[in-house]
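Just so you know, residue 1 is the first one in the sequence shown, and it goes up from there.
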Amino acid sequence: QVKLVESGGGFVQTGGSLRLSCAASGGTFNTAAMGWVRQGPGKEREIAAAISWSGTMTFYGRSVEGRFTISRENDKNTVYLQMNNLKPEDTAVYYCVIGESLEVADPDLYKYWGQGTQVTVSS
């Protein structure tokens, strides 16, 4: 029923920028937290960023803090991830996720997942 569609991934050189978008449909998300979980080659899934419904509470993984910015437009059920100063270690599949509350530690606690969008950063 719930569908999350990511877009904006692609190839970028080290130091470049990308903006990911995720549009949610098929459900009611008035109180839902949204975020981005990524999984790089040979790595575990990690929460890159997350944001509460109000947008006043945000979380960034240690490796991306200061470089990534998460935001949302609730009237469009859309969440964004602005990624600046990208590094090769940012290479991963980025999944848009939705949960009932802001989860900062365990990606598996997010209820809904998109199919993911590939981000590849080369030097």
Side-chain angles (χ1 to χ4, degrees):
Q1 180 68 21
V2 174
K3 182 173 69 175
L4 305 177
V5 180
E6 302 99 333
S7 62
F11 295 87
V12 66
Q13 298 291 321
T14 297
S17 298
L18 287 172
R19 188 192 190 206
L20 306 183
S21 299
C22 172
S25 63
T28 301
F29 311 106
N30 300 68
T31 62
M34 301 185 73
W36 295 90
V37 174
R38 69 182 187 179
Q39 185 170 28
K43 301 178 181 179
E44 295 183 346
R45 293 183 177 93
E46 65 173 341
I47 302 171
I51 187 169
S52 64
W53 169 253
S54 67
T56 60
M57 297 290 185
T58 59
F59 166 82
Y60 297 97
R62 183 179 298 106
S63 62
V64 310
E65 190 169 11
R67 300 186 297 117
F68 291 9
T69 302
I70 190 169
S71 61
R72 65 190 297 170
E73 296 182 13
N74 290 342
D75 58 346
K76 298 172 64 176
N77 292 326
T78 300
V79 64
Y80 306 94
L81 186 67
Q82 178 67 46
M83 304 184 293
N84 297 325
N85 192 23
L86 284 161
K87 304 175 180 180
E89 50 263 45
D90 295 318
T91 294
V93 177
Y94 285 72
Y95 299 92
C96 179
V97 296
I98 293 178
E100 294 184 357
S101 61
L102 188 69
E103 173 59 44
V104 303
D106 186 359
D108 292 338
L109 294 181
Y110 284 101
K111 186 175 183 179
Y112 301 108
W113 293 60
Q115 292 186 342
T117 185
Q118 177 70 46
V119 171
T120 302
V121 185
S122 61
S123 60

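Hydrophobic clustering (ILVMFWY, side-chain heavy atoms < 4.5 Å, transitive): M57 and Y110 are in one cluster. By the criterion of side-chain heavy atoms lying less than 4.5 angstrom apart, applied directly or through intervening Ile, Leu, Val, Met, Phe, Trp or Tyr residues, L86 is not grouped with Y80; the two fall into different hydrophobic clusters. No single ILVMFWY cluster, assembled from side-chain heavy atoms under 4.5 Å apart, contains both V93 and V121. Under the 4.5 Å side-chain contact rule for hydrophobic residues, V64 and V12 share a cluster. Both I51 and L81 sit in one connected hydrophobic cluster of ILVMFWY residues. Membership requires side-chain heavy atoms under 4.5 Å apart, directly or through other members.
Within the 4.5 Å cutoff, no side-chain heavy atoms of V119 are placed close to those of R38.
Taking the charged nitrogens against the carboxylate oxygens, D108 and R45 have no contact shorter than 4.0 Å, which rules out a salt bridge.
Distance alone, capped at 3.5 Å, places no donor-acceptor pair between the Y94 side chain and the W36 backbone. The backbone N or O of I70 sits less than 3.5 Å from a side-chain atom of Y60, completing a donor-acceptor pair. Not one N or O on the side chain of E103 forms a donor-acceptor pair closer than 3.5 Å with the backbone of P107.
For the atom pair OH of Y112 and CD of Q1, the computed distance is 8.5 Å after rounding to the nearest 0.5 Å. To the nearest 0.5 angstrom, L102 atom CG is 11.5 Å from L109 atom CG. With rounding to the nearest 0.5 Å, the separation of CE in M34 from OG in S71 is 10.5 Å.
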Test side chain to side chain contact (heavy atoms under 4.5 Å, CB included) applied to D90 and R67, step by step
CA-CA 11 Å; D90 295 318; R67 300 186 297 117; 2.7 Å; yes

Between side-chain atoms of residues 13-27 and protein atoms elsewhere (two or more places apart, or another chain), which donor-acceptor pairs fall under 3.5 Å?
| unit_1 | atom_1 | unit_2 | atom_2 | d |
| --- | --- | --- | --- | --- |
| Q13 | NE2 | S122 | OG | 3.3 |
| T14 | OG1 | S122 | O | 3.1 |
| S17 | OG | N84 | OD1 | 2.9 |

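Looking at residues two or more places apart in sequence or on another chain, you find a salt bridge (charged side-chain N to carboxylate O under 4.0 Å, His left out) between E73 and K76. Residues forming a ring pair (Phe, Tyr, Trp, His ring centres under 6.0 Å) with Y95 (at least two apart in sequence, or on another chain): W113. Take R72 and apply the salt bridge (charged side-chain N to carboxylate O under 4.0 Å, His left out) test, not counting sequence neighbours, and it matches no residue. Partners of N77 under the side-chain hydrogen bond (donor to acceptor under 3.5 Å, both in side chains) rule, at least two apart in sequence or in another chain, do not exist in this structure. Qualifying salt bridge (charged side-chain N to carboxylate O under 4.0 Å, His left out) partners for E6, counting only residues two or more places apart in sequence or in other chains: none.
Considering every non-hydrogen atom in both A50 and I47, the closest pair reads CB-CG2, 4.3 Å. Of all non-hydrogen atoms in A92 and Q118, the two that sit nearest each other are O-NE2, 3.4 Å.
The local environment of CD in E100 is sparse, with at most 12 non-hydrogen atoms from other residues, nucleotides or ligands closer than 6.0 Å.
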